[in-house]
Amino acid sequence: MISFFKGKLLAVISTVSAFAIIIVLSLIFFQKSINLDLIETPYMFMEGEYSVDGGEFVPFDMDTPIDDSFHTITFKGKMPDDALSYYNEISFLSQNLWYKISFADGTLLYENRHTSLKDYIDGYYSGIDATEAERQEFENHTKQVYPIMFDMPDTPGYTVFYLDANALRVAEIDENTQLVLEFVNPYENMNFGFSDVTKFTLSYGSGSNVGTGNYLRLFKDDLPSIIIFLIVSLFGIFFFPIAGFIIGKKDFRYQTFGLLCFFLGLYMLIKKFCVYIPLWIMDSALCPVFDLTVGHLFMIALLIYFRSNLTHRVSRIVSGVMIIILTVMTAAATILHLTAVYDIVAFGFYFNMVTLINTILMIVLAVIEIKAAGKESVRDRIIFFVSWIPLVLSLILDVIDRMIHIPGSYFYIYGLFFSIIAQIIRLIGDLRRQYLASIRYQQIQRELYEAKVSVMVSQIQPHFMYNALTSIAMMCTLDPEKAQEATITFSDYLRGNMDSIKQIRPVPFEQELKHLEKYLYIEKLRFDDLLNIEYDIQAKDFKLPLLSIQPLVENAVKHGVGMKEDGGTVTIATRETDTAYEVIVSDDGVGFDTENAAKDDGRSHVGMENTKKRLHDMCGADVAITSVIGEGTRVVVTLPKDRQDDEDAV
């Protein structure tokens, strides 16, 4: 078993390592094979000054990020000296912004505000004679290319703007031309820095391929991050589910954390990649759906992972309601946007509020969970919360960032990093515990086999068989029917002892009880009226090691009641408490001195110690013995409920 475990672990490590090496080599190949000297990536394509929300104009540096949050930001300036002789293409990508480019005298050069579909078609056919059929065909084609943009006139979406050298010359723009750029954030409750939602690219080259600069920028600036986030997603898909398989039990924590890693990596991947979506999807209003829906799915995955670690009933109910609410909101926001009913970006404020409430509730539920955990599970709970707290805190800071904007913030990246590291450390700890448990398992199996053989041999030793057969032989004359019944019972008892050697896991109490009844039936033949048996069975729905109660009953019969001149009673009882099941074996026999139990008093103390060890190792049970000389002995076996479903108990 140990070698098999090592083999699985080695296979996973080798697979993950090979995968990482392939990704790194691919990244190096892409970086080396592309000529990245063909583009410049400033934060604005002209020199001059800018004003935020009607404030005073201040100078800006083309190569310095502009982190101001705004509702209106206006730039005034001109192209850099001799810039037009070098740049063949100027382009910029924007997210959720209206913008317009004008000359200093107010003459409009370009703006991205939507017109109605009718005005768009009329503008296209301005000065062109076209039949109604041609116009209708063009309208149908336009609806296919722009399925929702014209139906959402207040949604800027994600857009791309190109200005090549020929267009500049036609517009009579040169180094001395003063330009005015105005950007408007139409969302009152959403704040972001200017450079966070715009990308400007200046391209060299022939200028024959419009948009080349954006593709080169993708490879230059964002490809490394995109590949890293892709690794995170694939890491979540493969590594943690495989780890859960290696752990070898129904523990969904690793599967749900893998799901979380997948959606978080995908969310960060889309965050980096979404600004380029307008290069392929022309409908600007459609683009935000990819970005924001994935972000909402990430939050749902986080809640699912959180819930998989909860055990308290109230905590699981509350977290389940949180998941349902967020799932319904995500589905509703996506559908309403795709049907052009409500802008999914405007929905972002409500999602931020729900996210903030959810994170606060997660902290409250975490405290409840730790308080409700038993002493043995508090450590595991604390380890879990340490593993997810960085992620949750980064999520809170991310929500705050969206509301007030904190320049240069990358909280979700730090939160992801720390949470994955903590989860990997947790995984290594689990694997180490399983490895040690596999060694312990083999040792217990050997001891269990030896203990079973010992118990079986002790019960079919010659004097026991002699007494049983003698009693049956005497009944053959006095009561043949009873003798037949006794023979069948004795045979079943021997068969049960032999079968016990094959049993390696705990068995239902009822199975152990039936075997005890056969043993006591045979002993009753021997002691007759000197041995009375009483049962007080109030709980049966639990498991325990086979032949673990019989040694206790055997001691009560042989060394308790059997040593008493006028005999006595052996009682077998069971109870159920809030946290455990109890099996109680008591007798009113001669008793013994528990403080000097190691003395040679004829009792099987070695057998008792073996029984205690088996009960503890297989079920986490505790055995308590009390005895008073002349009054009797009482043995209480306490079996914790939280170990009843533990498949790895042995």
Side-chain angles (χ1 to χ4, degrees), residues 455 458-459 464 467-468 471-472 475 479 481-483 485-486 488-490 492-493 496-497 500 506-577 580-594 597 601-604 607-608 611-612 615 619 621-639:
V455 171
S458 70
Q459 297 306 322
F464 174 77
N467 291 334
S471 299
I472 293 172
M475 282 188 290
D479 191 345
E481 291 185 1
K482 188 173 183 179
E485 179 184 352
I488 294 173
T489 301
F490 184 53
D492 290 343
Y493 171 76
N497 273 357
S500 69
V507 298
F509 170 72
E510 287 186 293
Q511 183 176 338
E512 175 77 354
L513 181 61
K514 289 179 180 179
H515 194 70
L516 279 175
E517 289 171 346
K518 293 182 176 67
Y519 166 74
L520 290 171
Y521 177 90
I522 296 167
E523 290 289 56
K524 182 74 173 172
L525 294 178
R526 174 186 174 191
F527 289 99
D528 199 15
D529 293 338
L530 294 178
L531 175 62
N532 296 312
I533 309 297
E534 292 185 359
Y535 296 95
D536 182 15
I537 308 301
Q538 298 184 20
K540 293 183 178 180
D541 190 21
F542 61 93
K543 296 180 179 181
L544 74 177
L546 188 62
L547 301 182
S548 59
I549 303 302
Q550 181 172 314
L552 309 181
V553 176
E554 178 186 349
N555 273 347
V557 172
K558 291 185 176 181
H559 306 296
V561 174
M563 302 293 290
K564 191 174 181 181
E565 184 176 349
D566 55 350
T569 301
V570 174
T571 303
I572 302 170
T574 60
R575 302 283 188 272
E576 180 180 0
T577 67
Y581 295 98
E582 294 180 347
V583 180
I584 305 157
V585 178
S586 58
D587 66 77
D588 56 3
V590 297
F592 68 99
D593 185 359
T594 56
D601 56 4
R603 289 179 175 269
S604 178
M608 179 62 72
T611 298
K612 286 182 179 180
L615 283 162
C619 299
D622 178 63
V623 180
I625 303 174
T626 57
S627 184
V628 178
I629 296 177
E631 295 184 12
T633 302
R634 175 184 171 89
V635 182
V636 179
V637 179
T638 304
L639 300 123

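- Proximity of F592 to V628: side-chain heavy atoms (C-beta onward) are nowhere separated by under 4.5 Å.
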side-chain contact (heavy atoms from CB on, under 4.5 Å) between I629 and V590, worked out: CA-CA 6 Å; I629 296 177; V590 297; over 6 Å; no

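- In terms of modelled atom types and a separation under 3.5 Å, the side chain of K564 and the main chain of D588 share a donor-acceptor contact.
- V561 has its side chain out of reach of L530: every pair of non-hydrogen atoms, C-beta onward, lies at least 4.5 Å apart.
- Atoms CG and CG, on L516 and L552 in that order, are 9.0 Å from each other to the nearest 0.5 Å.
- Between L639 and L544 the shortest side-chain heavy-atom distance falls below 4.5 Å.
- Every pair passing salt bridge (Lys or Arg N to Asp or Glu O under 4.0 Å) that includes a residue from residues 507-520 is listed here, sequence neighbours excluded: E510-K540.
- By the 4.5 Å heavy-atom criterion applied to side chains, E523 and K558 are counted as neighbours.
- Remark: E631 pairs with no residue by the side-chain hydrogen bond (donor to acceptor under 3.5 Å, both in side chains) rule, at least two apart or across chains.
- Between N555 and V553, every side-chain heavy-atom pair lies at or beyond the 4.5 Å cut-off.
- The backbone N or O of I537 lies less than 3.5 Å from no partner atom in the side chain of T574, so there is not a single donor-acceptor pair.
- With sequence neighbours left out, K524 forms a side chain to side chain contact (heavy atoms under 4.5 Å, CB included) with N532.
- For the atom pair CG of L520 and OH of Y535, the computed distance is 4.5 Å after rounding to the nearest 0.5 Å.
- Closest non-hydrogen pair, T577 versus E582, comes out as CG2-OE2, 4.2 Å.
- Contact record, G591 with S627: CA-OG, 3.4 Å, taken as the closest heavy-atom pair.
- By the ring-ring contact (aromatic ring centres under 6.0 Å, His included) test, F542 is found to be paired with F509, Y581, residues two or more places apart in sequence or in another chain being considered.
- The distance from atom CG of L615 to atom OG of S548, rounded to the nearest 0.5 Å, is 4.5 Å.
- If you take CG on D587 and CD1 on I533, they are separated by 10.0 Å, rounding to the nearest 0.5 Å.
- Here Q538 pairs with D536 under the side-chain hydrogen bond (donor to acceptor under 3.5 Å, both in side chains) rule; sequence neighbours left out.
- Counting heavy-atom neighbours within 6.0 Å of R575 CZ, excluding the residue itself, gives a total above 12.
- For the pairing with V636, the side chain to side chain contact (heavy atoms under 4.5 Å, CB included) check across I584, V623, V583 returns one residue only, I584.
- In this structure, I549 and V585 have side chains that are in contact, with non-hydrogen atoms separated by less than 4.5 Å.
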